[in-house]
Amino acid sequence: MKAYDGMYIGGAWRPAAGTERITVVNPADETEIATVPAGTAEDIDAAVRAARAAFPGWAATPPAERAAHLAALRDTMLAHRDEIAETITAELGSPIGFSRAVQAGAPIAVAASYAELAASYPFEEKIANSTVLLEPVGVVGAITPWNYPLHQIVAKVGPALAAGCVIVVKPAEDTPLTARLFADLVHGAGLPAGVFNLVTGVGPVAGQALAEHPDVDLVSFTGSTAVGRRIGATAGAAVKRVALELGGKSANVILPSADLAKAVKVGVANVMSNSGQTCSAWTRMLVHTDRYDEAVELARGYAAGYVAGDPRDGASRLGPLVSAKQRERVRGYIEKGVADGARVVAGGPGAPHPTGYYVAPTVFADVTPTMAIAQEEIFGPVVSILRYEDEEDALRIANGTVYGLAGAVWARDAEEATAFARRMDTGQVDINGGRFNPLAPFGGYKQSGVGRELGAHGLAEYLQTKSLQY
Ligand code: NAD
């Protein structure tokens, strides 16, 4: 077991202020693999001060130079892609192929997109007799979750640095090793001291200190709605900017004209990847009553292909959940689904593996819209199949939760699917299996959040306007 020291503050690893430590566990075999320091309010304060000191210089750096720094960071990340993937597999448990392609691949693509946007974004705008300057907001406090441990960091660091902001990151306690590796990559890429800072620690101590720090200008949070609500309230009381990326309960709407087998196959894959620990996962599959039984049979078959195994083995399609706590939470939801009268057609609450935080790939049929498993975010490999009578019924069910993060619509042609998607209360919809686009805005309607990440819309979150009249 490796004991890591220090916080990355002001361009160097500095000793932590306190003596508390966080133990990192490999969720596939339950072994302790490392410890990192648990930061205190003192560490957060030191990091915010370092960021503040770096802010004027970075804000004044020409956008083309900021772009060159981000391009160097992208190149360093690309050169360390395997190490990133192995670190994420070790502490999160996502299968190694997925770690390489998505867990490491997506943040490299996002870093590349912000290297380009920093160079091309119009930081000045003419409106009649005014010139509008788009200026960086200042010091950003970023609090990130464990499910996409590098992507969630880069989705904040990329636009913040492109905009001319400086940042302090407090990563999730379950996945601090990926965050530490990223700090080393930032260092290796030669970014100016203080522009990026990292404090590892637990949410109620280091996270809360960052959210409450008076010298933080913008708090960007990704995680649970419960914590997001508190952070929003704290930011509101201090009249400070806040961006919240919260939970989801997205609908996969399969219209009667769709290619059912394809829609079910992609739908099951969408939920099983990353063991269902994806806020935008389409965890509710909506199928017309005439094709319902056929869809359930197809889903049962596809789910059976997700055999749980060691995530380091390239053949494993389903890894463990991140922690014992998450496994218990997900099993609790599966038991609740059974108690509420839903029918388990694959998986169930039993353990598919003697060690590791595994949950069996689970498919529920006969799920009704008001059941807890159809309303609440489970964050595990669990698909609920719901029945609808007609399109209006499908729309009511799709829009009938407090969330609105993502979704999917399938139909014979894209126009039919698009017409339905226009009526959905959600921030992102994949039409007939559309591909991930790192430039498209990502974020929620309703209680799924406030603000947008990725692309030019994500960059705008880190800017404030100043109007000059002539
Ligand atoms: P969480 O909201 O508790 O943690 C997310 C981040 O917030 C972590 O860095 C954590 O340390 C920090 N945090 C926790 N309490 C804090 C506080 N009082 N002040 C400031 N920061 C604080 O989420 P979790 O426990 O990791 O996961 C619980 C649930 O959250 C999941 O089951 C899932 O439903 C949801 N979740 C959503 C996303 C998403 O991308 N939307 C990601 C991860 C988890």
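As the structure lists them, so they are numbered: ligands from 1, and atoms in each ligand from 1.
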Dump the pairs for me: ligand 1 N or O, protein N or O, distance under 3.5 Å, to 0.1 Å.
{"residue": "ligand 1", "atom": "2 (O)", "partner": "Ser224", "partner atom": "N", "Å": "2.8"}
{"residue": "ligand 1", "atom": "2 (O)", "partner": "Ser224", "partner atom": "OG", "Å": "2.6"}
{"residue": "ligand 1", "atom": "9 (O)", "partner": "Thr144", "partner atom": "O", "Å": "2.8"}
{"residue": "ligand 1", "atom": "9 (O)", "partner": "Lys170", "partner atom": "NZ", "Å": "3.1"}
{"residue": "ligand 1", "atom": "11 (O)", "partner": "Lys170", "partner atom": "NZ", "Å": "2.7"}
{"residue": "ligand 1", "atom": "11 (O)", "partner": "Glu173", "partner atom": "OE1", "Å": "2.5"}
{"residue": "ligand 1", "atom": "11 (O)", "partner": "Glu173", "partner atom": "OE2", "Å": "3.3"}
{"residue": "ligand 1", "atom": "11 (O)", "partner": "Gly203", "partner atom": "N", "Å": "3.2"}
{"residue": "ligand 1", "atom": "26 (O)", "partner": "Trp146", "partner atom": "NE1", "Å": "2.6"}
{"residue": "ligand 1", "atom": "32 (O)", "partner": "Gln326", "partner atom": "NE2", "Å": "3.2"}
{"residue": "ligand 1", "atom": "32 (O)", "partner": "Arg329", "partner atom": "NE", "Å": "3.2"}
{"residue": "ligand 1", "atom": "32 (O)", "partner": "Arg329", "partner atom": "NH2", "Å": "3.2"}
{"residue": "ligand 1", "atom": "34 (O)", "partner": "Arg329", "partner atom": "NH2", "Å": "3.4"}
{"residue": "ligand 1", "atom": "34 (O)", "partner": "Glu377", "partner atom": "OE1", "Å": "2.5"}
{"residue": "ligand 1", "atom": "41 (N)", "partner": "Leu246", "partner atom": "O", "Å": "2.5"}

Look at the aromatic rings of Phe436 and His151 and report parallel, tilted or perpendicular, splitting at 30° and 60°.
-> perpendicular
Between Thr87 and Thr178, do the side chains contain an N or O donor and an N or O acceptor separated by less than 3.5 Å?
-> no
Please identify each residue that fulfils salt bridge (charged side-chain N to carboxylate O under 4.0 Å, His left out) with Asp313, with sequence neighbours left out.
-> none
Any residue meeting salt bridge (charged side-chain N to carboxylate O under 4.0 Å, His left out) with Asp5, in chain and number order, not counting sequence neighbours = Arg21
Kindly write out the residues that satisfy side chain to side chain contact (heavy atoms under 4.5 Å, CB included) with Thr283, not counting sequence neighbours, or none if the list is empty.
-> Lys249, Val271, Ala281
Could you check Asp45 against Arg49 for salt bridge (Lys or Arg N to Asp or Glu O under 4.0 Å), going step by step and ending with a plain yes or no?
-> CA-CA 6 Å; Asp45 189 54; Arg49 281 169 195 272; 2.8 Å; yes
